[in-house]
Asker: 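Just dropping this structure here.
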Amino acid sequence: MSRTASRTVRRLATVAASTGLAAVACVGMGATAHAATPAASATSIPQCATADLGADFQLQPNVGDRPETRGAALIMVTNNSKHTCNVRGFIGLGYVDAQGKHRDATAHRTSYVPVTTITLRPGTTAFAGANFVSQPTGCPTATAALVTPPNQTTSIATPFLSAEGGGEKQNVTLCGESFNITALAPRASDIGIFNG
C-alpha cells in the first residue's frame with residue numbers, strides 16, 4: 001500500500017471509530033489502481049461498455065457497529081481498453097453461488113456519493129462503496145461477485161478479495177441477497193465513510 005493510501009486508511013478508521021460508522025477505505029488497493037477524473041465534457045466520449053472494463057471487489061476491515069455481521073467492500077472498475085470512455089451512476093451487483101450459478105442480488109442505491117460523469121482513460125479506475133449483512137451460518141454463500149457497469153446488461157465476474165490484502169480470495173455469506181451501494185466516484189477517497 002502506498003504512503004498516501006495508508007494515511008487514508010488511518011484517517012477513515014479513526015473517524016469511523018469515533019462515529020460508529022463503517023469505513024470503506026482502500027485496503028488492498030496498493031499502487032495498481034489509478035484514479036479517474038470527473039468529466040469536463042462528455043459529449044464526444046463514448047460510454048464504457050462491459051467489454052471495456054475489469055472489476056475488483058476488495059473486502060474491507062469493518063471498524064463500525066457489529067463488525068461480525070457487516071461486510072464492507074471497495075469496488076474498483078478499471079478501463080482495460082485502449083480508448084477513453086465514460087461511466088456514470090451505479091453499478092449492478094449479483095453473485096455466483098456455491099453451485100456455480102449466477103444469482104441476482106438487490107442493490108440499494110444510496111446518496112452518499114453524488115452522481116457524476118467520470119472519464120476513464122486507459123488504465124484508470126472508478127470506485128464504489130458497498131456493504132452487506134453477513135453471518136457465519138444461515139445465509140447463502142457467494143463465491144464471486146457479478147459487477148454490471150452502469151447502463152449495461154452484462155456483468156463481470158470477480159472474486160471477493162480478502163480484507164487482509166495480498167490478493168487472497170475468499171467466499172462470503174450474503175444475508176438477504178442484497179447490497180447497499182454508492183454511485184461511482186473518481187477517487188477512492190471520495191467514498192469516505194459509508195454506512196449504507
Side-chain angles (χ1 to χ4, degrees), residues 4-5 8-9 12 21-60 71-95 104-132 142 144-161 163 172 174 178-196:
T4 300
T8 301
V9 171
L12 294 178
L21 299 180
V24 175
C26 37
V27 171
M29 191 176 72
T32 59
H34 301 281
T37 55
S41 174
T43 54
S44 61
I45 300 175
Q47 179 177 262
C48 295
T50 302
D52 297 326
L53 303 171
D56 292 290
F57 198 105
Q58 178 65 62
L59 298 170
Q60 302 292 299
L74 183 70
I75 301 164
M76 294 166 274
V77 177
T78 300
N79 182 2
N80 289 336
S81 76
K82 295 182 179 180
H83 63 268
T84 297
C85 58
N86 285 336
V87 291
R88 178 182 175 86
F90 294 85
I91 60 172
L93 285 173
Y95 69 99
D104 292 329
T106 302
H108 300 287
R109 297 179 176 185
T110 71
S111 58
Y112 281 83
V113 173
V115 173
T116 185
T117 300
I118 302 165
T119 296
L120 292 178
R121 301 184 308 278
T124 61
T125 301
F127 305 85
N131 65 35
F132 54 95
L146 299 173
V147 178
T148 304
N151 302 311
Q152 300 297 303
T153 58
T154 54
S155 61
I156 305 163
T158 184
F160 299 105
L161 300 177
V172 302
L174 187 59
S178 66
F179 299 88
N180 297 326
I181 62 170
T182 71
L184 287 167
R187 295 168 294 271
S189 59
D190 293 331
I191 306 300
I193 303 300
F194 174 57
N195 195 35

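Because the structure is a prediction, the values reported are computed rather than measured. Throughout, numbering of the chain's residues begins at 1 and tracks the sequence.
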Asker: Can you measure from CD1 (Ile118) to CZ (Arg88) and round to the nearest 0.5 angstrom?
Answerer: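 Spacing of CD1 (Ile118) from CZ (Arg88) equals 9.5 Å.
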Asker: Can you tell me how far the CG atom of Leu120 sits from the OG1 atom of Thr84, to the nearest 0.5 Å?
Answerer: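 Taking CG in Leu120 and OG1 in Thr84, the distance rounds to 8.5 Å.
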Asker: Would you say the side-chain atoms of Thr158 pair up with the backbone N or O of Ala55, donor to acceptor, closer than 3.5 Å?
Answerer: yes
Asker: Is there a donor-acceptor pair under 3.5 Å between the side chain of Thr50 and the backbone N or O of Thr154?
Answerer: yes
Asker: Check whether Ser155 reaches the backbone of Val147 with its side chain - one donor and one acceptor, N or O, closer than 3.5 Å.
Answerer: no
Asker: Classify the side-chain pair Asn79/Asp52 by whether it contains a donor and acceptor separated by less than 3.5 Å.
Answerer: no
Asker: Which atom pair, heavy atoms only, marks the closest approach of Ala183 to Val115?
Answerer: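 Shortest heavy-atom separation between Ala183 and Val115 comes out as CB-CG2, 3.9 Å.
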Asker: Against Thr119, only a single residue in Ile45, Thr124, Val87 fulfils side chain to side chain contact (heavy atoms under 4.5 Å, CB included); can you say which?
Answerer: Ile45
Asker: Closest heavy-atom contact between Gln47 and Cys85?
Answerer: C-CB, 4.0 Å
Asker: Tell me the closest heavy-atom pair linking Gly129 and Ile191, and the distance in Å.
Answerer: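 Looking at all heavy atoms of both residues, the shortest contact is N-CD1, 3.8 Å.
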Asker: Identify the heavy atoms of Pro186 and Thr116 that sit nearest to each other, and give their distance.
Answerer: CD-CG2, 4.5 Å
Asker: Got a second to check how far Asp104's CG is from Ser178's OG, nearest 0.5 Å?
Answerer: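 The distance works out to 12.5 Å.
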Asker: So, taking the atom named CG in Leu59 and the one named CD1 in Ile75, what distance separates them when rounded to the nearest 0.5 Å?
Answerer: 9.5 Å
Asker: Pick from Phe90, Tyr95, Phe132: which one makes a ring-ring contact (aromatic ring centres under 6.0 Å, His included) with Phe179?
Answerer: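 Of the listed options, the one satisfying the test is Phe132.
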Asker: Decide yes or no on side-chain contact (heavy atoms from CB on, under 4.5 Å) for Asp190 and Phe127, but give the supporting numbers first.
Answerer: CA-CA 8 Å; Asp190 293 331; Phe127 305 85; over 6 Å; no
Asker: Determine the minimum heavy-atom distance between Gly89 and Pro150, stating which atoms define it.
Answerer: C-CG, 4.3 Å
Asker: What are the two closest non-hydrogen atoms of Pro122 and Ser81, and how far apart are they?
Answerer: CB-O, 3.3 Å
Asker: Output the distance between atom CG (Leu53) and atom CD1 (Ile91), rounded to the nearest 0.5 Å.
Answerer: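 Here the rounded value is 11.0 Å.
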Asker: When you measure from the side chain of Thr125 to the backbone N and O of Met76, does any donor-acceptor pair fall under 3.5 Å?
Answerer: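 No.
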